[in-house]
Novice: 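Sharing a structure with you now.
Sequence lines set the chain letters: A, B, ... in the order given, protein chains first and strands last, and positions in each chain run from 1. Small disclaimer: the values here were computed from a predicted structure and weren't measured.
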Amino acid sequence: MRIKNQLSAYLFVLSAFCISLPEVHAQETKITRDNIRFIDYPGFPEGSSSWDDIGYNPVFNSVFVGTTNHKDKVALYEFDANRDSMKFHGFIGDLVNLRSFQWQAKIHTKFVADAQGNMYAATDGGESREEYLMDHPHGYAGGFFLKWDAANQKLVNLGMGLQYESVKDIDIDITTGKLYAVSYPQVHFTIYDPAKNDFRDLGRVGSAHVPRVMFSDQWGNCYYVDWRQRFVKYEKKSDKLLFDDKSIPAFPGTPGEHIITGITAFAKDKINNVIYFLTYGAKVMAFYPQESGIGRVKDLGGVIDVPGIEKWNFYVPNLNVGDNGKLYYFIGGHGKYAKKGYSLLMEFDPASGEKKVVSEFSENELVEATGSDTKDKEGNMYFAGKREVSLDEKTKNKVFSEAGSKPTVPFLIKFNPGKKIN
Amino acid sequence: MRVIIIAIFLSAACKLQAQFTFFSPKDAFAIEVSLDNTSLKRLPVYRNSISSLIVSGDYILGGTSADKGLSPYLFTASLSRRDMASIVDLEKIIPGQKTVQTGFCLANKNQFFAGTIGNGESADGHLMELQLKNDGGIDVKDLGVPVPHEGIFSLLINRAKTKMYGITFPSGKFFSYDLKTKVTDVFDDVAPAKKDIGKFNEFSLKPENYLCKALIEDSKGLIYGSAPVNKLFYFDPASKKFNEFAELPDVWGRTVMGQVETWAKSNDGKLYGGNAGDGQLFIVDPVTKKVKNLGKPIMMNRLRGLAFGNDGKLYGIAGALPGYAHLFSYDPKQEGFKDLGNPSFTMKSPGIEQGIDWRGFQLGTIASSEDGKYIVMGEDESLSQLLIFPVSKN
């Protein structure tokens with residue numbers, strides 16, 4: 001499956017060479033580069049990306065991020081939004097005393113907070129290396145659940161999930177502190193109660209590719225998707241998985257590998273009890289959760305309209321909702337771009353359905369942004385970004401020249417559409 | 001220029017593929033058996049682990065295992081239509097059952113026998129007779145309880161189609177059932193003794209980990225199986241005597257884990273067996289009663305199923321949780337073992353007409369079609385599907 005995706009990525013880039021894409025111009029808007037800031041991570045020059053591992057701590061008004069060299073080192077950062085400062089907490093292997101045979105290549109999950117301001121995440125083996133070596137004496141042991149103990153300012157190892165399996169995403173039941181998680185590559189939906197050290201495996205719910213995103217609601221229910229892109233809800237009241245009888249809408253012609261990959265990002269409008277989300281088939285959805293039963297889904301249309309590109313063929317692994325009620329997301333990544341060589345920052349008004357490009361960034365500025373629902377008290381939104389390294393940088397810097405054919409540099413994106421922050 | 005670019009990208013893609021591939025032969029496909037909350041003919045979650053399989057003409061007949069407290073299903077799927085044909089909720093016919101894991105014993109055309117394990121300790125397992133109809137429907141008849149308070153762990157019908165032989169659960173007693181007289185004879189000879197159970201407890205093994213999971217008959221009518229601890233036996237129906245004739249191949253320190261969980265008979269009458277304990281494939285010569293260890297197809301334990309294709313190769317499933325199952329082939333003449341890894345086949349169905357990839361991680365059962373042209377695998381998951389691939393002589 002991954003090979004197929006990589007092949008499609010190659011072919012997509014190839015098509016970008018061979019077909020003349022229509023130009024996408026940033027429309028006139030009050031949002032300028034002064035509304036956005038890129039913040040560096042100190043202390044880990046070989047860090048290459050940060051995937052989806054970002055999350056907001058509402059108790060301490062801070063943003064947690066993990067960055068990785070995509071091999072065997074994961075650095076933990078906390079951005080203090082009050083002081084506007086980034087802190088490097090250390091490498092997770094050292095912080096929780098992992099041995100060499102317990103190597104971890106990423107945190108792929110988001111960071112989630114409990115009511116006391118402790119943060120949770122889980123680790124990942126890093127795909128190819130992990131899969132080659134599963135069930136092997138030198139292989140991947142499995143992903144660990146981690147807790148940032150806010151009171152004692154230390155990272156705590158909560159133990160492993162399923163043996164040999166990575167953890168691709170987690171979320172939390174804010175009322176009980178129970179963690180929901182999905183494993184890779186076998187797509188098992190699991191529940192872990194840190195208070196009782198009770199780990200439950202509710203079984204496989206997906207196909208050949210693991211949907212990367214799950215989310216919870218105000219009652220502590222958790223939502224995921226099956227291979228038909230139908231909602232799978234862990235309904236807390238009944239302690240059961242519920243399967244929706246219909247699929248989340250998709251554009252006609254959406255390929256199977258996009259359907260089975262499900263949701264790419266979400267953002268919660270807590271005032272109106274709406275959870276917005278994006279699909280791997282490039283649709284914007286509004287979801288109205290309810291305590292019992294699945295809830296209603298409203299199709300808000302595509303993430304962007306570009307003549308000549310299939311409506312489903314855009315990659316958007318990030319989403320935030322602004323204090324103005326509008327959705328913000330960056331289009332681009334994994335070889336898929338609405339405009340060749342550029343990531344586009346989009347504004348989407350769920351009320352009117354109007355969407356526009358508010359800014360665009362070259363690959364050397366921003367090649368991919370990830371992250372869901374990360375907004376501080378001031379209404380600043382955060383994304384986990386990365387940029388490609390220029391040829392010049394690669395030549396001059398040994399870290400980049402040794403980092404493979406296309407080295408990247410991670411950074412934190414801070415964005416506020418209503419305020420200059422630069 | 002365009003051609004050069006295509007060549008560069010395809011070459012890069014091929015390199016990637018060479019590093020990591022799934023078993024995806026041409027014309028392989030998956031059938032969606034399980035899907036919760038649907039109007040389609042599908043099995044619900046936690047009641048669909050495919051633990052028994054046989055192919056009869058165009059129909060795949062399957063039996064499932066359910067999670068604790070839930071009941072299993074019988075189902076058929078069509079090879080030609082690549083879709084489910086019928087489902088039978090066993091709870092409506094024989095209430096209180098949990099598992100159909102004996103496989104299906106073919107009696108006459110379209111007539112099969114199977115056994116069940118009940119929910120809860122000391123639950124009665126039933127024998128049942130299944131009639132496969134032309135439209136894929138299944139008629140099920142409850143033949144009652146051969147051994148009270150025991151489930152049926154494994155079952156075999158003799159070639160004469162006059163008697164069935166089985167192992168009970170959890171006691172591990174051997175029994176015979178006369179199809180004409182309906183009389184059951186029960187034998188304690190291969191059931192674990194108290195001292196054996198003590199050994200199993202030291203390894204935290206439960207009856208499902210040490211009882212004989214499969215029986216087979218040789219050309220002379222002797223019935224073969226495994227007995228605690230790590231023994232191979234045969235039963236002579238004429239003398240009603242048991243003979244322990246060999247040890248199962250083992251790995252040092254793990255002898256106590258020996259358990260036959262599958263058999264397949266080759267055209268020359270040799271018996272191929274799979275040892276769950278450490279995943280060895282072995283062969284029994286029924287004339288000399290000599291056992292040869294053919295080795296382990298992969299590094300894990302478990303060898304869950306074997307089936308011959310019409311290409312002369314033996315296909316099998318090695319490994320299980322906490323790892324992945326691997327499909328493997330064994331060519332006795334040339335190739336030996338080949339680890340085919342996880343299969344990944346396209347699954348099409350109403351609502352997913354474009355097709356999606358289905359990767360088989362936990363494969364529990366395997367069977368070949370009557371002509372040997374298809375190999376069918378059943379998953380052992382919370383939502384299990386069928387994975388099917390064609391084999392050819394060339």
Side-chain angles (χ1 to χ4, degrees), chain A residues 1-4 6-15 17-18 127-128 131-132 134-137 139 142 162-165 185-189 201-209 226-230 232 240-247 250 252-261 294, chain B residues 1-2 5-6 8-14 16-22 24 30 32 34-40 44-46 49 67 298-300 319 321-324 326 341-349 351-362 379-385:
Chain A
M1 178 66 205
R2 186 173 60 257
I3 300 304
K4 262 194 180 172
Q6 282 166 327
L7 179 58
S8 354
Y10 277 118
L11 294 176
F12 183 86
V13 177
L14 169 64
S15 70
F17 276 109
C18 303
E127 307 208 4
S128 295
E131 282 224 32
Y132 285 134
M134 268 176 178
D135 323 319
H136 188 278
L162 292 171
Q163 197 175 2
Y164 306 134
E165 291 275 294
Q186 296 193 67
V187 211
H188 281 229
F189 188 103
D201 177 9
L202 273 59
R204 179 183 180 180
V205 295
S207 63
H209 196 261
D226 70 5
W227 60 91
R228 286 171 170 261
Q229 209 174 90
R230 307 183 314 165
V232 179
K240 278 183 180 166
L241 289 182
L242 303 183
F243 294 78
D244 202 350
D245 61 355
K246 54 193 173 300
S247 298
T254 304
E257 64 257 38
H258 286 243
I259 296 292
I260 62 177
T261 308
I294 297 281
Chain B
M1 181 59 187
R2 189 174 177 139
I5 293 168
I6 288 172
I8 291 167
F9 279 105
L10 286 182
S11 130
C14 290
L16 282 170
Q17 205 139 20
Q19 290 173 26
F20 196 90
T21 57
F22 296 115
S24 305
E32 190 181 53
S34 307
L35 182 72
D36 206 75
N37 192 23
T38 178
S39 56
L40 296 169
V45 69
Y46 303 136
S49 168
D67 280 11
I298 62 171
M299 64 177 281
M300 276 183 287
L321 284 173
Y324 312 149
H326 292 218
N342 281 165
S344 182
F345 300 166
T346 302
M347 186 161 80
K348 292 182 179 179
S349 192
I352 42 172
E353 289 85 358
Q354 71 274 56
I356 65 163
D357 287 337
W358 192 272
R359 178 176 170 186
F361 292 104
Q362 301 303 328
E379 288 188 315
D380 172 14
E381 298 274 11
S382 51
L383 288 157
S384 311
Q385 322 298 355

Novice: Can you name the residues that form a side-chain contact (heavy atoms from CB on, under 4.5 Å) with B:Asn37, not counting sequence neighbours?
Specialist: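 B:Asn37 satisfies side-chain contact (heavy atoms from CB on, under 4.5 Å) with A:Phe243, A:Asp245 once adjacent residues are dropped.
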Novice: Quick one: of B:Leu383, B:Thr38, B:Asp67, who has the most non-hydrogen atom pairs under 4.5 Å with chain A?
Specialist: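 The answer is B:Leu383.
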Novice: Inspect the contact between A:Arg228 and A:Asp226 and indicate whether a charged nitrogen and a carboxylate oxygen are less than 4.0 angstrom apart.
Specialist: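 Not counted as a salt bridge, because no side-chain N and carboxylate O are separated by less than 4.0 Å.
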Novice: Without swapping roles, check the side chain of B:Gln354 against the backbone of A:Thr254 for a donor-acceptor pair under 3.5 Å.
Specialist: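 Here the side-chain-to-backbone pair exists.
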Novice: Below 4.5 Å, heavy-atom pairs only: which of B:Lys348, B:Gln385, B:Glu32 has the largest tally toward chain A?
Specialist: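 Most pairs with chain A among the choices: B:Glu32.
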Novice: Checking B:Glu379 against chain A: side chain, backbone, both or neither under 4.5 Å from a heavy atom?
Specialist: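 It is the side chain, since no backbone atom gets that close.
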Novice: How long is the span from the CZ atom in B:Arg359 to the CD1 atom in A:Ile260, to the nearest 0.5 Å?
Specialist: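 B:Arg359 atom CZ to A:Ile260 atom CD1 measures 11.5 Å (nearest 0.5 Å).
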Novice: Given a strict heavy-atom distance threshold of 4.5 Å, which part of B:Ser24 is in contact with chain A: side chain, backbone, both, or neither?
Specialist: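 Answer is neither: B:Ser24 stays 4.5 Å or more from chain A.
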Novice: I'd like to verify something: which residue of A:Ile259, A:Leu241, A:Leu202 has the highest number of heavy-atom pairs under 4.5 Å with chain B?
Specialist: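 So the answer, after comparing A:Ile259, A:Leu241, A:Leu202, is A:Leu202.
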Novice: With a 4.5 angstrom heavy-atom cut-off, which part of A:Leu162 approaches chain B: side chain, backbone, both or neither?
Specialist: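 The answer is neither part of A:Leu162.
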Novice: Kindly say whether B:Leu321 contributes a backbone atom to a donor-acceptor pair with the side chain of B:Gln362 at under 3.5 angstrom?
Specialist: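 A pair under 3.5 Å: yes.
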Novice: For chain A, which of B:Gly360, B:Ser382, B:Gly319 has the most heavy-atom pairs under 4.5 Å?
Specialist: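 Of B:Gly360, B:Ser382, B:Gly319, B:Ser382 has the most heavy-atom pairs under 4.5 Å with chain A.
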Novice: Taking only residues two or more places apart in sequence or in another chain, which ones pass side-chain contact (heavy atoms from CB on, under 4.5 Å) with A:Gln163?
Specialist: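 By the side-chain contact (heavy atoms from CB on, under 4.5 Å) rule, A:Gln163 matches B:Pro322.
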